[in-house]
Amino acid sequence: RGLGTGAGAGEESPAASLPRMKKRDFSLEQLRQYDGSRNPRILLAVNGKVFDVTKGSKFYGPAGPYGIFAGRDASRGLATFCLDKDALRDEYDDLSDLNAVQMESVREWEMQFKEKYDYVGRLLKPGEEPSEYTDEEDTKDHNKQD
């Protein structure tokens, strides 16, 4: 059995009615507002990319087992399989101290999130300017600048 596949007819969350989010980039502060308690939408970042995981609110919502990642950069916690607050940094985390195995794990998580959830934009480094996304760019992924 995989991570919560088919939802029963009776469990449509309020999230299901949210429109698809327009692509935009987020600072850590902006990301933090999407933790599922202040806002019905839940976002998290993995490896510098922000995903809308609202439809996975059973996992990432305030009461979910991975609720700690909501509105945060989850990379380090996923890389180290740690669900502890201490695994997540409050300031920008460049992951530079992770070893190769952990970085590989972060990339695998990123691929899984890409398959399952909407990619909504990049997590900005401090001082980095957000990209301007046009509507047609909304459909194609553009993160070729790193």
Side-chain angles (χ1 to χ4, degrees), residues 2-8 11-99 102-135 137-146:
L3 284 182
T5 40
E11 51 173 326
E12 276 302 305
S13 61
S17 57
L18 287 175
R20 192 187 166 109
M21 192 166 199
K22 273 196 124 19
K23 234 181 218 178
R24 51 168 285 208
D25 297 337
F26 297 84
S27 67
L28 276 175
E29 290 69 41
Q30 290 167 329
L31 186 62
R32 198 149 300 152
Q33 293 156 22
Y34 296 94
D35 62 359
S37 56
R38 286 168 267 202
N39 188 312
R41 202 182 288 277
I42 304 170
L43 303 180
L44 61 75
V46 183
N47 204 17
K49 298 179 182 60
V50 179
F51 296 95
D52 183 341
V53 299
T54 311
K55 66 180 186 190
S57 60
K58 283 201 294 293
F59 302 103
Y60 302 105
Y66 304 108
I68 182 174
F69 295 149
R72 310 286 301 251
D73 177 2
S75 308
R76 180 173 297 272
L78 293 168
T80 56
F81 295 108
C82 186
L83 291 174
D84 209 339
K85 270 266 190 283
D86 301 343
L88 302 176
R89 309 225 160 139
D90 283 328
E91 65 285 348
Y92 187 82
D93 187 351
D94 66 6
L95 306 175
S96 55
D97 59 325
L98 293 184
N99 65 35
Q102 291 169 327
M103 274 316 296
E104 185 51 37
S105 171
V106 169
R107 279 190 289 272
E108 281 169 18
W109 278 105
E110 180 194 328
M111 298 314 292
Q112 285 185 34
F113 278 103
K114 260 201 167 109
E115 278 167 32
K116 253 183 118 155
Y117 299 110
D118 286 342
Y119 166 68
V120 292
R122 293 178 310 132
L123 180 64
L124 297 170
K125 300 178 178 71
E128 193 179 5
E129 288 299 308
S131 311
E132 289 295 324
Y133 291 98
T134 58
D135 283 347
E137 216 161 28
D138 221 24
T139 51
K140 71 173 196 294
D141 199 349
H142 92 298
N143 40 6
K144 302 285 179 273
Q145 62 260 65
D146 35 333

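When a residue number appears, it is its place in the shown sequence, counting from 1.
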- Parallel, tilted or perpendicular: which fits the ring planes of Tyr117 and Tyr60, with parallel below 30° and perpendicular above 60°? perpendicular
- Closest non-hydrogen contact found for Ala79 with Ser105 is CA-OG, 3.9 Å
- Item | Sidechain-backbone polar pair: Gln102 side chain, Asn99 backbone, donor-acceptor under 3.5 Å | yes
- Gap between atom CG of Leu28 and atom CG of Asp93 - 0.5 Å precision: 9.0 Å
- Item | Closest contact, heavy atoms only, Asp73 versus Leu31 | N-CD2, 4.0 Å
- Query: With a 4.5 Å heavy-atom cut-off, do Phe113 and Asn47 have their side chains touching?
  - Reply: no
- Just how far is it from atom CE of Met111 to atom CZ of Arg107, taken to the nearest 0.5 Å? 11.0 Å
- Would you sort out whether Asp25 and Tyr133 count as a side-chain hydrogen bond (donor to acceptor under 3.5 Å, both in side chains), showing the intermediate values? CA-CA 9 Å; Asp25 297 337; Tyr133 291 98; 2.6 Å; yes
- Beyond-backbone contact of Phe69 with Leu83, side-chain heavy atoms, under 4.5 angstrom: yes
- Where Ile68 and Lys85 come nearest, the two heavy atoms and their spacing: CD1-N, 3.2 Å
- Message: For a quick test of reading the model, state the closest non-hydrogen atom pair linking Arg122 to Glu129 and the distance between them.
- Response: NH2-O, 3.8 Å
- Examine distances only and state if a side-chain atom of Asp118 and a backbone atom of Val120 form a donor-acceptor pair shorter than 3.5 Å. no
- Message: Once you measure the plane-to-plane angle for Phe26 and Tyr34, does it fall in the parallel (<30°), tilted (30-60°) or perpendicular (>60°) bin?
- Response: perpendicular
- Any chance you could lay out the salt bridge (Lys or Arg N to Asp or Glu O under 4.0 Å) test for Asp97 and Arg76, step after step, and finish with the verdict? CA-CA 10 Å; Asp97 59 325; Arg76 180 173 297 272; 2.8 Å; yes
- Sort out for me which residue in Asp35, Val53, Val50 forms a side chain to side chain contact (heavy atoms under 4.5 Å, CB included) with Leu44. Val53
- Determine, stepwise, if the pair Val46 / Val106 fulfils side chain to side chain contact (heavy atoms under 4.5 Å, CB included). CA-CA 7 Å; Val46 183; Val106 169; 4.2 Å; yes
- Between Arg41 and Pro19, which heavy-atom pair has the shortest distance, and what is it? NH2-O, 2.8 Å
- Is the backbone of Asp94 close enough, under 3.5 Å, to the side chain of Lys125 for a donor and an acceptor to pair up by distance? no
- Query: Between Lys49 and Ser75, is any pair of side-chain heavy atoms under 4.5 Å apart?
  - Reply: no
- Query: Rounded to the nearest 0.5 Å, how far does CD of Glu29 lie from CG of Leu124?
  - Reply: 10.0 Å
- Query: Nearest heavy-atom pair of Arg38 and Arg32: which atoms, and what distance?
  - Reply: NH2-O, 3.2 Å
- From Glu110 CD over to Gln112 CD, what is the distance, rounded to the nearest 0.5 angstrom? 11.0 Å
- Any chance you could lay out the side chain to side chain contact (heavy atoms under 4.5 Å, CB included) test for Gln30 and Leu43, step after step, and finish with the verdict? CA-CA 10 Å; Gln30 290 167 329; Leu43 303 180; over 6 Å; no
